[in-house]
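Have a look at the structure below before the remarks.
Just the heavy atoms: all of them, side chains too, but no hydrogens, waters or symmetry mates, feed the values below. This structure is a prediction, so every number in the text was calculated from the model and none was measured. Naming: A, B, ... by sequence-line order, numbering from 1 per chain.
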Protein chains: 2
Amino acid sequence: MEYNAKQLQIIEVAEQLFAQKGFAGTSVRDIAQEADVNVSMISYYFGSKEKLIEALFQLRMNQSRSRLETLLMDEDLVPMQKINILIDSVIDRLMGNQCFHNIMLREQLSSERTPIISEYILSLKLRNMELMQRLINEGQDAGVFRKNIDMGLMSTTLYGTINYAIATQDFYKKINNLESMSEEDFQRYLKRKLSQHLKSLFKSTVTNEHRIES
Amino acid sequence: MEYNAKQLQIIEVAEQLFAQKGFAGTSVRDIAQEADVNVSMISYYFGSKEKLIEALFQLRMNQSRSRLETLLMDEDLVPMQKINILIDSVIDRLMGNQCFHNIMLREQLSSERTPIISEYILSLKLRNMELMQRLINEGQDAGVFRKNIDMGLMSTTLYGTINYAIATQDFYKKINNLESMSEEDFQRYLKRKLSQHLKSLFKSTVTNEHRIES
DNA sequence: ACAAAAATCAAACGTTTGTTTGATTTAATT
DNA sequence: AATTAAATCAAACAAACGTTTGATTTTTGT
């Protein structure tokens, strides 16, 4: 499905409002006003409010598809480098689409979601999981990664940390006295911090290092 | 404020429904029906739907207060043991109040929350942060913890991982073929896994260990 | 320039929303 | 037992909701 400028405008405004106030907390009149279109245009273009959020999911899912997966083919990188690239790419994806991932997290918190959106989320998570599994396997086959790694919990820490960092970024700003920083600078700063933090976390957990208690 | 049995029943039903469908997605008629009371009882007892969720927050916040903080006084525990007790206590708190923490996470995802609830959440987060900071400082003073630890990101990983694990527990069940397990057993299992995972994660990140790359 | 299609609009539709009312029943107090 | 207070209810309230209608304007294709 392709969308014209007006349709994209509606979808993008809806994305922002859903992220701010939730799906149920946002009225079609809110969206119409903010997108500067008549209320009836939403039903006209998308059929219903429900189908609008499905269109949003379809749009964002398709455009996140398989950009990164080529890195796996690169034989010149050692396993830990690939893991690090994966971490940075997840950070970039989540930080660069905060509204959409806010909505996706909300949907995962709900027990009564539409089957269509559930399906989108499930297939995305499976895709991410398989990619990560392959990277881990490469490291294990090369003998540099531990054998007993809980994929599920590792990816939970990866996505959980980034999602929660984004959700509580104002708090992070406050306790670190970063409120004078410009918004752009802070986003860059948080990205860098998250990258360092998660890379060091993953390195310790995933590699076959020998430890000497101090 | 003390609540009678009926009021508590309303609050608890509201808590479940808010967690399932969100605050805006839950109607007072939903709550009244599920709690088996007349619709008007909600306004009668609490004043409004908004004040009902505030009552829920007030109730749950007060009962989570300062139970754990005595562990800090115990001089017989080494710093890493205290950290591990903290981790387990956060896991127990979040896993044991999944509905409420689901709601709290939703509120943190919203940019338009009521000042009262924002205040509750902020003070709780500050309290948790201070406790964690004291434990870290003890370890640093004893020379067993690293000096440059980003408190904000450590607690983000702690809460982010647990919250996300709870939000996606069905997925975790599915990819690990745990769907035949009873619900109780699974909750115990997930708790244990999270505990091991986070303790090992924190140990690697926080302690002054000497590493030898393999 | 004309006809067909697409886009836009104000208005209205029927529901559902949170809340209030006022009468009635139940419980507590004296 | 009488009186006051608390609890409960069906019904009504206005406002907001998602959606549809039908007329009107704008764009497109010929």
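- For the segment residues 2-18 of chain A, the set of residues with a heavy atom within less than 4.0 Å of an atom of DNA chain C comprises A/Asn4, A/Lys6, in numerical order.
- The aromatic rings of A/Tyr164 and B/Tyr159 sit parallel, their planes meeting at an angle under 30°, below the 60° perpendicular limit.
- Within residues 25-34 of chain A, the residues having any heavy atom closer than 4.0 Å to DNA chain C are, in order of number, A/Arg29.
- Legend: residues meeting side-chain hydrogen bond (donor to acceptor under 3.5 Å, both in side chains) with B/Arg106, ordered by chain and number and at least two apart, are A/Ser110, B/Asn102.
- In this structure B/Asp170 satisfies the side chain to side chain contact (heavy atoms under 4.5 Å, CB included) test together with B/Lys173, sequence neighbours excluded.
- Between atom CG of residue B/Leu59 and atom CD of residue B/Glu2 there is a gap of 11.0 Å, rounded to the nearest 0.5 Å.
- Legend: residues meeting side chain to side chain contact (heavy atoms under 4.5 Å, CB included) with B/Asp30, ordered by chain and number and at least two apart, are B/Leu17, B/Lys21, B/Thr26, B/Ser27.
- Under the ring-ring contact (aromatic ring centres under 6.0 Å, His included) criterion, B/Phe186 pairs with no residue at all, not counting sequence neighbours.
- B/Asn176 and B/Tyr189 share no side-chain donor-acceptor pair at under 3.5 Å.
- For the residue pair B/Asn62/B/Arg60, the side-chain donor-acceptor check at 3.5 Å is not satisfied.
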If pairs are Watson-Crick or G-U with both distances under 3.5 Å, what is the dot-bracket string of DNA chain C, marking crossing pairs with [ ] and pairs to another strand with |?
.|.||||||||||||||||||||||||.||

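- Remark: B/Lys49 is positioned above the aromatic ring of B/Phe23, its terminal NZ or CZ atom under 6.0 angstrom from the ring centre and at most 45 degrees off the axis.
- For DNA chain D, the span of nucleotides reached by chain A at under 4.0 Å from its heavy atoms goes, 5' to 3', from D/dC17 to D/dT21.
- The side-chain hydrogen bond (donor to acceptor under 3.5 Å, both in side chains) search around A/Glu179 returns none, not counting sequence neighbours.
- Partners of B/His197 under the side-chain hydrogen bond (donor to acceptor under 3.5 Å, both in side chains) rule, at least two apart in sequence or in another chain, are A/Thr157.
- Of the N and O atoms on the side chains of B/Glu183 and B/Gln187, at least one donor lies less than 3.5 Å from an acceptor on the other residue.
- Side-chain polar atoms of B/Gln16 and B/Glu34 form no donor-acceptor pair below 3.5 angstrom.
- Of all the residues in residues 38-49 of chain B, B/Val39, B/Ser40, B/Ser43, B/Ser48, B/Lys49 reach under 4.0 Å from DNA chain C with at least one non-hydrogen atom.
- Under a cutoff of 6.0 Å and an axis angle of 45°, A/Lys125 and B/Phe171 form a cation-pi pair.
- For B/Asp92, the side-chain hydrogen bond (donor to acceptor under 3.5 Å, both in side chains) test picks out B/Lys191, with sequence neighbours left out.
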